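In this text, all values refer to a predicted model and were calculated from it rather than measured experimentally.
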Amino acid sequence: MADQPGDKKSQYKKLGARHKARRRAVDLLFEAEARDIDVTELITERVQLSTGDDSVAPVNPYTSTLVEGVADDLDRVDGTIESYLQDWTLSRLPAVDRAILRVAVWELFHANDVPPVVAVDEAVELAKELSTDDSPSFINGVLGQVVRVAPQVRAAAAATRSTPVSGSEE
């Protein structure tokens, strides 16, 4: 018998390691903003805590990748999000929605192993779990626009990486 949308089995599938890593990344981005601290210092602190203490949950490497990636590319990620907000500003969004959008946009631009539909679906699921009733459709709408430019951003990033530095000798 096929899984129905509400079946517990299908719910467990959604809670895979990557989903949990995304959720923890959103939590850390949210916490850093709420505490007004640097998120890269926060992730480093959490990794160190979990290394020496079995009672602290280890930090999934993908969580670190997401948090550090968002931090490194924050201006472009935020600029992209802001350009697709209609009658809103990034600062007016709920902080959790900002964190979810940042993770999803970073994935759309940089995570070549994550299909765009997965990045969007995961963001919508996180919004269902963590935010307001209106947030999933809002986030889906914003990301639906970002998906259109993501291939060009990925291609530009790949071209930049493969272009040799001028003046270097091989």
K.L.:
Applying side chain to side chain contact (heavy atoms under 4.5 Å, CB included), run through Val153 and Arg76 and close with a yes or a no.
P.N.:
CA-CA 10 Å; Val153 173; Arg76 180 169 29 173; 3.3 Å; yes

K.L.:
Would you say Arg102's side chain and Asp78's backbone share a donor-acceptor pair under 3.5 angstrom?
P.N.:
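Here the side-chain-to-backbone pair does not exist.
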
K.L.:
Restricting to non-hydrogen atoms, name the atom on Arg98 and the atom on Leu93 that form the minimum distance, rounded to 0.1 Å.
P.N.:
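For Arg98 versus Leu93, the nearest heavy atoms are NH1-O, 2.7 Å.
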
K.L.:
Under 4.5 Å between any side-chain heavy atoms of Glu82 and Thr89, yes or no?
P.N.:
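The answer is yes, as the side chains (C-beta and beyond) meet within the 4.5 Å cut-off.
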
K.L.:
Could you state the interatomic distance from CG (Leu90) to CG (Leu85), rounded to the nearest 0.5 Å?
P.N.:
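It is 6.5 Å, given to the nearest 0.5 Å.
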
K.L.:
Considering only heavy atoms from C-beta outward, does the side chain of Thr80 approach that of Trp106 to under 4.5 Å?
P.N.:
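The answer is no, as the side chains (C-beta and beyond) never meet within the 4.5 Å cut-off.
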
K.L.:
Determine whether the side chains of Thr132 and Ser135 contain a donor N or O and an acceptor N or O closer than 3.5 Å.
P.N.:
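Side chains of Thr132 and Ser135: pair found under 3.5 Å.
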
K.L.:
Measuring from atom CG of Asp87 to atom CZ of Arg92, what distance do you get when rounded to the nearest 0.5 angstrom?
P.N.:
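Atom-to-atom, Asp87:CG and Arg92:CZ are 8.5 Å apart.
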
K.L.:
Counting C-beta onward and ignoring hydrogens, is there a side-chain heavy-atom pair between Arg46 and Leu42 closer than 4.5 Å?
P.N.:
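Answer yes - side chains close enough.
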
K.L.:
What distance do Ile100 atom CD1 and Glu129 atom CD have between them, rounded to the nearest 0.5 Å?
P.N.:
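Reported to 0.5 Å precision, the distance equals 8.5 Å.
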
K.L.:
Taking the side chain as every heavy atom from C-beta outward, state whether Val67 and Thr40 have any pair of such atoms under 4.5 Å apart.
P.N.:
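SC-SC contact between Val67 and Thr40 ruled out.
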
K.L.:
Val118 and Arg22: which non-hydrogen atoms are nearest, and at how many Å?
P.N.:
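Reported closest heavy-atom pair: CG1-NH2, 4.1 Å.
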
K.L.:
What about Trp88 and Val142, same hydrophobic cluster or not, with Ile/Leu/Val/Met/Phe/Trp/Tyr joined at side-chain heavy-atom distances under 4.5 Å?
P.N.:
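They do share one cluster, since a chain of ILVMFWY contacts under 4.5 Å joins Trp88 to Val142.
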
K.L.:
Drop me the distance from Glu68's CD to Leu28's CG, to the nearest 0.5 angstrom.
P.N.:
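Separation between the atoms: 10.5 Å.
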
K.L.:
Closest heavy-atom contact between Ala123 and Leu143?
P.N.:
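So the minimum-distance heavy-atom pair works out to CB-CD1, 3.5 Å.
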
K.L.:
Is Arg24 salt-bridged to Asp27, cutoff N-O under 4.0 Å?
P.N.:
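Not counted as a salt bridge, because no side-chain N and carboxylate O are separated by less than 4.0 Å.
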
K.L.:
For Arg18, is there an ion pair with Asp113 - N to carboxylate O distance below 4.0 angstrom?
P.N.:
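Salt bridge: yes.
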
K.L.:
Under 4.5 Å between any side-chain heavy atoms of Val70 and Val39, yes or no?
P.N.:
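A side-chain contact is absent here, since even the closest heavy-atom pair is not under 4.5 Å.
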
K.L.:
Is Gln86 atom CD crowded by more than 12 heavy atoms from other residues, nucleotides or ligands, each under 6.0 Å away?
P.N.:
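Open.
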
K.L.:
Whether the side chain of Gln145 engages the backbone of Tyr84 through a donor-acceptor N/O pair (distance < 3.5 Å, no angle test) should be reported.
P.N.:
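Here the side-chain-to-backbone pair does not exist.
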
K.L.:
When you measure from the side chain of Arg23 to the backbone of Leu130, do you find a donor-acceptor pair of N or O atoms at a distance under 3.5 Å?
P.N.:
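Side chain of Arg23 to backbone of Leu130, a donor-acceptor pair under 3.5 Å: no, none is there.
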
K.L.:
Looking at every heavy atom in both Ser55 and Asp53, which two are closest together, and how far apart are they?
P.N.:
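Closest approach of Ser55 to Asp53, heavy atoms only: OG-OD1, 2.6 Å.
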
K.L.:
Before giving the answer on side chain to side chain contact (heavy atoms under 4.5 Å, CB included), spell out for His19 and Glu125 the whole-Å C-alpha distance, their side-chain angles and the decisive distance to 0.1 Å.
P.N.:
CA-CA 9 Å; His19 178 81; Glu125 283 301 314; 4.2 Å; yes

K.L.:
Search all heavy atoms of Ala95 against all heavy atoms of Phe30 and return the closest pair with its distance.
P.N.:
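Closest approach of Ala95 to Phe30, heavy atoms only: CB-CE1, 3.6 Å.
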
K.L.:
Within a radius of less than 6.0 Å around CZ of Phe138, do more than 12 heavy atoms belonging to other residues, nucleotides or ligands occur?
P.N.:
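Yes.
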
K.L.:
If every non-hydrogen atom of Ile43 is compared with every non-hydrogen atom of Val59, which pair is closest and at what distance?
P.N.:
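So the minimum-distance heavy-atom pair works out to CD1-CG1, 3.7 Å.
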
K.L.:
Give the C-alpha distance, both sets of side-chain angles, the deciding distance and a yes or no for side chain to side chain contact (heavy atoms under 4.5 Å, CB included) between Val124 and Lys128.
P.N.:
CA-CA 6 Å; Val124 170; Lys128 287 177 183 176; 3.9 Å; yes

K.L.:
Report yes or no: does Thr63 contribute a side-chain atom to a donor-acceptor pair with the main-chain N or O of Ala21 at less than 3.5 Å?
P.N.:
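Answer holds: yes.
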
